[in-house]
> 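My questions will all concern the structure given below.
Positions are given from 1, in the same order as the sequence printed here. Please read these numbers as outputs of a predicted model, since none were measured by experiment.
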Amino acid sequence: PNGCWSFSDLLLPGCELTASAKSYTFQVDEEDDSDHILALSVVCLTDGAKDECNVVEVIGRNHENQEIAVPVANLKLSCQPLLSLDNFKLQPPVTFRLAAGSGPVHLAGWHRIMHREDASFEEDDDLSEEEEEKELAPIMPAKK
């Protein structure tokens, strides 16, 4: 196929879900033709959290473009204040919501952007046919 891909990995500054800010939406520009992957690495309670269940859910779209909400973490200060999600991959747009509890819950991960670069091999060819044949000539075995 024509073209190639270049990658950019960005660490997310993270987001924090609290009683007053229960959701955070990560989205990309709809006109951007790059592919985006968002990976969630860690969800953890931070200073000020109460000993209550804090349920974090991810809201996205399924293969039929229907909105779905999936709980990804149930944190409690006394028994599980942190959860590693091993780079749980999501496709933006995605919303993180504190479905239960008052937090604060911190989410961290990374964002990968795959840029498609138009590099057509036929159109970008400045070599003459003779030079191309030399470049593509088969490797001959060494003489003994």
> Determine whether a donor-acceptor pair (N or O, by modelled atom type, separation under 3.5 Å) exists between the side chain of Asn54 and the backbone of Ser102.
yes
> Do Leu77 and Leu107 sit in the same hydrophobic cluster, where Ile, Leu, Val, Met, Phe, Trp and Tyr count as joined when their side-chain heavy atoms come under 4.5 Å apart?
yes
> Report the distance from atom CG of Leu98 to atom CD of Glu16, rounding to the nearest 0.5 Å.
10.5 Å
> Just how far is it from atom CZ of Phe26 to atom OG1 of Thr95, taken to the nearest 0.5 Å?
11.5 Å
> Strictly distance-based, threshold 3.5 Å: is any side-chain N or O of Asp51 a donor or acceptor partner for the main-chain N or O of Ser78?
yes
> Between Leu82 and Cys44, which heavy-atom pair has the shortest distance, and what is it?
CD1-CB, 3.7 Å
> Can you find a pair of side-chain heavy atoms, one from Glu67 and one from Arg61, that are under 4.5 Å apart?
yes
> Are Leu38 and Phe88 side-chain neighbours, meaning at least one heavy-atom pair lies under 4.5 Å?
no
> With rounding to the nearest 0.5 angstrom, report the OG1 to OH distance, Thr18 to Tyr24.
14.0 Å
> Might you point out which heavy atoms bring Pro104 and Gly48 nearest each other, and give the distance in Å?
CD-C, 3.9 Å
> What are the two closest non-hydrogen atoms of His106 and Thr46, and how far apart are they?
CB-CG2, 3.5 Å
> What pair of heavy atoms forms the shortest contact from Pro81 to Cys79, and how long is it?
CD-C, 3.9 Å
> Do Leu45 and Val42 share a hydrophobic cluster (ILVMFWY, side-chain heavy atoms under 4.5 Å, transitive)?
no
> Gly101 and Lys22: which non-hydrogen atoms are nearest, and at how many Å?
O-NZ, 3.2 Å
> Minimum heavy-atom separation for Ile59 and Arg97, please, with both atom names.
CD1-CZ, 3.3 Å
> Applying the side chain to side chain contact (heavy atoms under 4.5 Å, CB included) criterion to Val56, which one of Leu83, Asn74, Leu85, Val43 satisfies it?
Val43
> Taking atom CG of Asn87 and atom CH2 of Trp110, what is their separation to the nearest 0.5 Å?
5.5 Å
> Would a single hydrophobic cluster contain both Val55 and Val105, if residues Ile, Leu, Val, Met, Phe, Trp and Tyr are joined by side-chain heavy-atom contacts under 4.5 Å?
no
